[in-house]
Amino acid sequence: FAVTYDPQPQNYSVTHEAVWWDSAWDTCIYPFDLPDELNKIEIHNRQGPPVGWEGRTGQGVVFLDWIRRSRRSTAPHISELTKAAYEMDFSLNSLEYVFVTSIFETDTVQCVRDEVYRTEGIEYPSSEHRIWTPSCEFDALLGTAIGKTVAAFVLCAWGQGRKRIARIVTFHDGEYLQRLNMRFDIEDV
């Protein structure tokens, strides 16, 4: 599956515009080597059960800001839309980070709050970012709906045995720390 934005695919609406990075996140969360200018991309199907992908891409980074795919849909999966969105402007081999922002998906929030943070004695929401490397907690995070989505993207993009998710960073932002965010760090195997 490949999505191009010029000319428009008949079954999809695709928008693509430049945006600037919000400097509110510190450099521990948004590493120094990432660009300030990003591309805001939206992909929505025009027919059938709803499918949507809204995010931002930059050299080495992709943000999943809003994703939706009806279980009844026969449209491409979110992993395929993520790959297509990133490849509109950048070589896939340059990708190092996948951010998923403002997570409200129940399965993921409950896992982070009730399993991972509680097991580690961490208050939820936390004002500090947390780094998870391969462990039981890391595996639990990969087993959430969001973790599975990013893992499926890594497999879709590179195939088995080429890249891996090396770290997951969880952090909160917003006035009352109400928004859960996750960063997935991708490395060569």
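Keep in mind the model is a prediction, meaning the values are calculated, not measured. One-based numbering along the sequence shown. The figures here come from the full heavy-atom set of this structure, side chains too, leaving out hydrogens, waters and symmetry mates.
Counting only heavy atoms from C-beta outward, the side chains of Phe153 and Leu64 never approach each other to under 4.5 Å. Leu177 places a side-chain heavy atom less than 4.5 Å from the side chain of Ser127. Residues Tyr97 and Ile186 form no side-chain contact, since every pair of their non-hydrogen atoms from C-beta on lies 4.5 Å or further apart. Considering only heavy atoms from C-beta on, Thr57 stays 4.5 Å or farther from Leu38 through its side chain. At least one side-chain heavy atom of Pro76 sits less than 4.5 Å from a side-chain heavy atom of Tyr12. In this structure, the side chains of Glu54 and His44 come closer than 4.5 Å at one or more pairs of heavy atoms. Residues Ile78 and Leu81 meet the side-chain proximity criterion, which asks for heavy atoms closer than 4.5 Å. In this structure the side chain of Asn45 never reaches within 4.5 angstrom of the side chain of Asn11, judged on heavy atoms.
Counting only N and O atoms by type, the side chains of His16 and Asp89 include a donor and acceptor under 3.5 Å apart.
Note on Arg162 versus Asp188: no salt bridge recorded, every NZ/NE/NH1/NH2 to OD/OE distance being 4.0 Å or above. Remark: Arg164 engages Glu187 in a salt bridge, criterion side-chain N to carboxylate O under 4.0 Å. A salt bridge between Glu42 and Lys40 is present, with a side-chain N of the basic residue lying under 4.0 Å from a carboxylate O of the acidic one.
Nearest approach of Cys111 to Ala140, heavy atoms of both residues: SG-O, 3.7 Å. Here the closest non-hydrogen pair linking Ala75 and Val51 is CB-CG2, 3.7 Å. In terms of heavy-atom proximity, Asp33 sits nearest to Glu96 at OD2-OE2, 4.1 Å.
Using bins of under 30°, 30° to 60° and over 60° for the plane-to-plane angle, the ring pair Phe99/Tyr30 lands in the tilted bin.
Ile168 CD1 to Asp139 CG: the interatomic distance, rounded to the nearest 0.5 Å, is 8.5 Å. Going from atom CZ of Arg167 over to atom CZ of Arg183 covers 7.0 Å, rounded to the nearest 0.5 Å. For the atom pair CG of Asn39 and OG1 of Thr15, the computed distance is 11.0 Å after rounding to the nearest 0.5 Å. If you take CD1 on Ile122 and CZ on Arg113, they are separated by 14.5 Å, rounding to the nearest 0.5 Å. For the atom pair Trp132 CH2 and Leu141 CG, the distance stands at 7.0 Å (nearest 0.5 Å). In this structure, Glu87 CD and Thr82 OG1 are separated by 11.0 Å, a value rounded to the nearest 0.5 Å.
At distances below 3.5 Å, at least one donor-acceptor pair connects side-chain atoms of Arg69 with backbone N or O atoms of Ser73. One N or O on the side chain of Asp107 and one on the backbone of Ala145 form a donor-acceptor pair closer than 3.5 Å. A donor-acceptor pair under 3.5 Å links the side-chain atoms of Asn181 to the main chain of Ser102, judged by distance alone. In terms of modelled atom types and a separation under 3.5 Å, the side chain of Ser94 and the main chain of Gln59 share no donor-acceptor contact. With Glu120 contributing its side chain and Tyr117 its backbone, the two residues share no donor-acceptor pair below 3.5 Å.
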Steps toward side chain to side chain donor-acceptor pair (under 3.5 Å) verdict (Glu123, Ser126): CA-CA 6 Å; Glu123 187 175 323; Ser126 175; over 6 Å; no

Kindly determine whether Arg56 and Val61 satisfy side chain to side chain contact (heavy atoms under 4.5 Å, CB included), including the steps that lead there. CA-CA 8 Å; Arg56 294 163 286 156; Val61 63; over 6 Å; no

Could you go through the side chain to side chain contact (heavy atoms under 4.5 Å, CB included) check for Leu142 and Ile165 one step at a time? CA-CA 9 Å; Leu142 277 182; Ile165 298 170; 3.7 Å; yes

Evaluate Thr101 against Asp65 for side chain to side chain donor-acceptor pair (under 3.5 Å), listing each step before the verdict. CA-CA 5 Å; Thr101 62; Asp65 296 322; 2.7 Å; yes

Quick one: do Ile43 and Met88 satisfy side chain to side chain contact (heavy atoms under 4.5 Å, CB included)? Show the steps, please. CA-CA 12 Å; Ile43 305 169; Met88 282 183 192; 4.3 Å; yes

Show, in sequence, the C-alpha distance, side-chain angles and deciding distance for Ser91 and Tyr86, and conclude whether the side chain to side chain donor-acceptor pair (under 3.5 Å) test is met. CA-CA 8 Å; Ser91 164; Tyr86 190 76; over 6 Å; no

Thr119 vs Glu137, side chain to side chain contact (heavy atoms under 4.5 Å, CB included): CA-CA, chis, key distance, verdict: CA-CA 8 Å; Thr119 299; Glu137 294 79 16; 3.8 Å; yes

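Criterion: ILVMFWY side-chain heavy atoms under 4.5 Å apart, direct or through other members. Under it, Ile41 and Leu92 are part of a common hydrophobic cluster. Cluster membership for Phe171 and Ile131, using ILVMFWY side-chain heavy atoms within less than 4.5 angstrom, is shared.
The local environment of CD in Glu37 is crowded, with over 12 non-hydrogen atoms from other residues, nucleotides or ligands closer than 6.0 Å.
In summary, of the residues considered (Thr149, Val62, Val150), a side-chain contact (heavy atoms from CB on, under 4.5 Å) with Phe184 occurs for Val150 alone.
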